[in-house]
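First up is the structure itself, then whatever we jot down about it.
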Amino acid sequence: MTRKERYAFVLDYFKQHAPNAETELIYDNPYQLLVAVILSAQCTDKRVNMTTPAIFEEYPDVEALSHATFDELFPLIRSISYPNNKTKHLIGMAKMVVDKFHGEIPMTVEELVELPGVGRKTANVITSVVDNQPNMAVDTHVFRVAARIGLTLNATTPLATEKQLLEFIPKELVHIAHHWLILHGRYICIARTPKCDECGLKPVCKYYQKNVKPGVKAIG
DNA sequence: ATCCCGAGGG
DNA sequence: CCCTCTGGAT
């Protein structure tokens with residue numbers, strides 16, 4: 001099976017078995033999405049959604065957030081992973097947007113990654129969701145799932161995974177494919193003990209062939 | 001115990 | 001490349 005055929009099989013499978021999201025980040029504009037995505041690292045969307053309403057009420061735009069002090073913002077983020085870092089990142093991000101980008105959230109990956117707390121994954125999410133740019137955000141789910149089902153070959157970094165996926169996925173499907181991979185990784189192809197019995201991708205899955213398939217010795 | 005749509009610094 | 005940050009749900 002060629003890699004092209006493998007991609008065709010996977011994309012066709014997801015088209016017919018589109019995974020459903022239980023919770024997603026709630027936002028009304030690019031500013032709110034950026035804040036929510038920065039907060040979402042190592043944290044469930046559900047918990048992010050519990051904290052953002054208070055943040056958006058207190059700081060309705062980047063200008064307001066740029067004037068926040070650490071002690072004001074920290075309590076609103078306290079219940080999320082890495083509250084110290086995220087508080088600093090949010091304020092630093094807002095200050096830079098105001099000072100360097102005239103109060104407008106920049107909409108290129110190169111500019112976005114200049115912002116504190118914004119790495120390549122977050123920049124790809126913002127540009128693809130807000131501006132419909134065909135960019136692929138590679139988080140832990142996309143990285144793991146792509147490797148398991150053979151969409152990537154010897155990809156050891158998120159950037160390598162991103163490039164290989166973009167090479168084979170049609171531009172108009174990049175956005176939805178990203179969502180499919182995320183949700184498949186979150187609910188079926190989970191990190192520890194993937195639910196292979198619920199997965200129709202077994203025929204192309206290297207992980208299944210190697211570690212789960214009956215009669216084949218597990219490697220770990 | 002282990003997992004959640006990572007980023008920054010060494 | 002590695003490590004740290006760091007809270008809540010299951």
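Within every chain, numbering begins at 1; the chains are lettered A, B, ... in the order of the sequence lines, protein sequences first and strands thereafter. Worth saying up front: this structure is predicted, and the values here are computed from it rather than measured.
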**OP:** Could you check A:Val113 against A:Asp45 and say which one's nearest nucleotide on DNA chain B is further toward the 5' end?
**Re:** A:Asp45
Original post:
What integer distance in Å separates A:Glu114:CD from B:dG8:P?
Top reply: 12 Å
Original post:
Should the heavy atoms of other residues, nucleotides or ligands under 6.0 Å from NZ of A:Lys163 be counted, would the total exceed 12?
Top reply: no
**OP:** With heavy atoms under 4.0 Å as the rule, sort A:Pro158 into base, sugar-phosphate or nothing.
**Re:** nothing
**OP:** Quickly work out the A:Leu34 CG to B:dG6 C1' distance and round it to whole Å.
**Re:** 14 Å
**OP:** Kindly check if the number of other-residue, nucleotide or ligand heavy atoms within 6.0 Å of CG (A:Asp197) is above 12?
**Re:** yes
Original post:
How many Å lie between NZ on A:Lys86 and P on B:dC4, as a whole number?
Top reply: 14 Å
Subject >> Heavy-atom closest contact (A:Val62 atom, A:Val98 atom, distance) >> reply: O-CG2, 4.1 Å
Original post:
For B:dC4, does either OP1 or OP2 sit under 4.0 Å from a side-chain N or O belonging to A:Arg47?
Top reply: no
Original post:
Atom CG of A:Leu181 and atom P of B:dC5: how far apart are they, to the nearest Å?
Top reply: 14 Å
**OP:** Could you tell me whether A:Lys46 atom NZ has more than 12 heavy atoms of other residues or ligands within 6.0 Å of it?
**Re:** no
Original post:
How about A:Glu172: does its CD atom have over 12 heavy atoms from other parts shown lying under 6.0 Å from it?
Top reply: yes
Original post:
Rounded to the Å, how far apart are A:Arg120 CZ and B:dC5 C1'?
Top reply: 16 Å
Original post:
When rounded to the nearest Å, what value does the distance between P atoms of B:dG10 and C:dT6 take?
Top reply: 15 Å
Original post:
Name the one of A:Val48, A:Thr87, A:Asn84 that satisfies side-chain contact (heavy atoms from CB on, under 4.5 Å) with A:Ile77?
Top reply: A:Thr87
**OP:** Decide, applying a 5.5 Å centre-distance limit and a 30° plane-angle limit (both strict), whether A:Tyr82 stacks on B:dG6.
**Re:** yes
Subject >> Contact nearer the 5' end of DNA chain B, comparing A:His89 with A:Arg144 >> reply: A:Arg144
Subject >> Residue whose nearest DNA chain C nucleotide is more 5′ - A:Gln42 or A:Lys46 >> reply: A:Gln42
**OP:** Specify the separation, in whole Å, of atom CZ of A:Phe74 and atom P of C:dC5.
**Re:** 14 Å
Original post:
Has A:Ser81 got a side-chain N or O lying under 4.0 Å from the OP1 or OP2 atom of C:dC5?
Top reply: no
Original post:
Touch check for A:Ile77, heavy atoms < 4.0 angstrom, all strands: base, sugar-phosphate only, or nothing?
Top reply: nothing
Original post:
Between atom CZ in A:Arg78 and atom P in C:dC5, what is the gap in whole Å?
Top reply: 14 Å
**OP:** Please state how far atom CE in A:Met96 lies from atom P in B:dG8, giving the value in whole angstrom units.
**Re:** 10 Å
Subject >> Toward the 5' end of DNA chain C, by each residue's nearest nucleotide, A:Asn84 or A:Met50 >> reply: A:Asn84
**OP:** Could you check whether A:Arg186 gets within reach of a base, just the sugar-phosphate, or nothing at all, counting any heavy atom under 4.0 Å?
**Re:** base
Subject >> Distance between P atoms of C:dT10 and B:dC5 (Å, rounded) >> reply: 13 Å
**OP:** Identify whether any heavy atom of A:Ser79 sits under 4.0 Å from a base atom; if not, whether one sits that close to sugar-phosphate; answer base, sugar-phosphate or nothing.
**Re:** sugar-phosphate
Original post:
So what does A:Val37 hit on the nucleic acid, given a heavy-atom distance under 4.0 Å: a base, only sugar-phosphate, or nothing?
Top reply: nothing
Original post:
So does A:His178 get a side-chain nitrogen or oxygen closer than 4.0 Å to the phosphate oxygens (OP1/OP2) of B:dC5?
Top reply: no
